[in-house]
Amino acid sequence: MKPEEMIAWLRQRPRILDGAMGSELLRRGVNEAATLWGVGALLARPAAVRAVHRDHAVAGAEALTAATFRVAPYSLRRLGLEDQATELAALAVDLARQGARDAGRTTLVLASQTTLEDCYRPDLVPDPATCEREHRSTAALLAAAAPDALLLETFNTAREAAAAAEAAAATGLPVIVSFTCAAGAMLLSGEPVREAVRAVALPGVAAVGVNCTRRDDMLSALAEAARATELPLVAYANDAWYDSESLFLRAEPSTPESFAQLALSWARAGARLVGGCCGTSPAHTAAIRRALDD
């Protein structure tokens with residue numbers, strides 16, 4: 001798929017992205033998923049990863065996110081697994097495609113690429129040269145796994161997102177860039193969403209938006225993003241999944257139906273790819289599907 005084809009696909013109507021992988025695996029008792037947020041499950045429980053993809057596809061997802069969130073060589077290096085990065089990326093993309101086939105569905109498969117360090121710690125973002133080098137390496141190995149697009153998600157600074165977007169766009173695949181925000185339409189770095197969106201509006205970027213953000217903070221962030229670009233928007237919120245590094249995400253869990261009503265409000269605000277992030281499940285995906293169909 002080319003970037004312009006992705007843009008056209010998104011502009012036809014709101015599309016449904018899947019929900020969480022890491023938190024859903026943990027909810028199902030796949031404790032290995034806690035290792036590098038999914039990498040452990042790829043290594044020890046690939047059938048469980050495939051099952052989550054299948055369930056999201058059955059629920060109506062039109063795009064599945066491969067479990068490549070932490071298969072970057074930079075991340076795997078910490079466990080001495082850097083030499084398995086290419087193999088793990090290919091496995092993750094293949095498991096997503098298998099899950100769609102198990103569901104009897106045709107979906108897009110997006111390869112996830114995220115921050116080099118902790119998604120909730122903008123103070124840990126490496127220097128520009130490291131960001132450029134490592135994101136170039138990650139984007140190339142993800143592209144080699146032949147996904148339909150690259151999903152750059154949970155970025156907390158404009159500068160790292162821009163480095164990742166430039167590297168991803170160089171692969172020729174469509175690129176989607178999404179930021180994690182706090183209240184007031186601000187990235188965790190304190191940068192306005194509007195400025196961050198402008199920083200990543202590069203040739204090859206097909207959509208921009210907000211993810212792993214409190215449900216109640218999504219609309220204001222989307223409104224600011226819409227003021228900065230004419231690209232399709234993406235929106236997939238966190239549903240009360242947080243830890244000591246992400247207390248800004250504290251909330252009461254929603255029902256799938258109430259989450260779906262919020263997703264409708266994101267679609268009305270211009271989001272053309274809507275779904276769920278940490279804390280959501282295939283039940284949330286199904287509820288969004290029903291709400292959009294209605």
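Hydrogens, waters and symmetry mates play no part in the numbers below; they use all other heavy atoms, side chains included. Being a predicted model, the structure only gives us computed values, none of them experimental.
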Do [X] and [Y] share a hydrophobic cluster (ILVMFWY, side-chain heavy atoms under 4.5 Å, transitive)?
X: L17; Y: W9; value: yes
X: M6; Y: L150; value: no
X: M186; Y: V193; value: no

Thinking salt bridges, do [X] and [Y] make one under a 4.0 Å N-O criterion?
X: R11; Y: E230; result: no
X: E5; Y: K2; result: no
X: E195; Y: R198; result: no

Just checking, any donor-acceptor pair under 3.5 angstrom between side chains of [X] and [Y]?
X: T213; Y: N238; result: no
X: T115; Y: E117; result: no
X: T180; Y: N156; result: no
X: S178; Y: E153; result: no
X: T65; Y: D18; result: yes
X: D94; Y: Q98; result: yes

> CZ of R250: more than 12 outside heavy atoms within 6.0 angstrom?
Replying inline: no
>> Other residues, nucleotides and ligands only: do more than 12 of their heavy atoms fall within 6.0 Å of CD on Q12?
In response: yes
Rounded to the nearest 0.5 Å, how far does [atom2] of [Y] lie from [atom1] of [X]?
X: L25; Y: W37; atom1: CG; atom2: CH2; result: 8.5 Å
X: S258; Y: R215; atom1: OG; atom2: CZ; result: 6.5 Å
X: L10; Y: E62; atom1: CG; atom2: CD; result: 9.5 Å
X: S137; Y: E132; atom1: OG; atom2: CD; result: 12.5 Å
X: S265; Y: L219; atom1: OG; atom2: CG; result: 4.0 Å
X: T280; Y: R27; atom1: OG1; atom2: CZ; result: 10.0 Å

>> For D294 and R290: C-alpha separation, side-chain torsions, deciding distance, then whether salt bridge (charged side-chain N to carboxylate O under 4.0 Å, His left out) applies.
In response: CA-CA 6 Å; D294 289 344; R290 291 192 297 271; over 6 Å; no
> For R28 and D55, what are the C-alpha separation, side-chain angles and deciding distance, and is it a salt bridge (charged side-chain N to carboxylate O under 4.0 Å, His left out)?
Replying inline: CA-CA 12 Å; R28 296 182 182 200; D55 293 348; 2.9 Å; yes
> Within the distance-only criterion (no hydrogens, no angle test), does the side chain of R159 pair as donor or acceptor with the backbone N or O of V125 below 3.5 angstrom?
Replying inline: yes
> Please walk me through it: do R77 and E134 pass salt bridge (charged side-chain N to carboxylate O under 4.0 Å, His left out)?
Replying inline: CA-CA 12 Å; R77 208 169 287 145; E134 295 293 340; 3.2 Å; yes
> For the residue pair V197 and A225, what are the closest heavy atoms and their distance?
Replying inline: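 So the minimum-distance heavy-atom pair works out to CG2-CB, 3.9 Å.
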> Taking it one step at a time, do D118 and R121 satisfy salt bridge (charged side-chain N to carboxylate O under 4.0 Å, His left out)?
Replying inline: CA-CA 5 Å; D118 194 307; R121 294 284 305 275; 5.9 Å; no
> How are the rings of F248 and Y120 set relative to one another: parallel (under 30°), tilted (30 to 60°) or perpendicular (over 60°)?
Replying inline: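 Correct class here is perpendicular.
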> When the ring centroid of H135 is compared with that of F155, is the distance short of 6.0 Å?
Replying inline: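 Ring centroids of H135 and F155 are less than 6.0 Å from each other.
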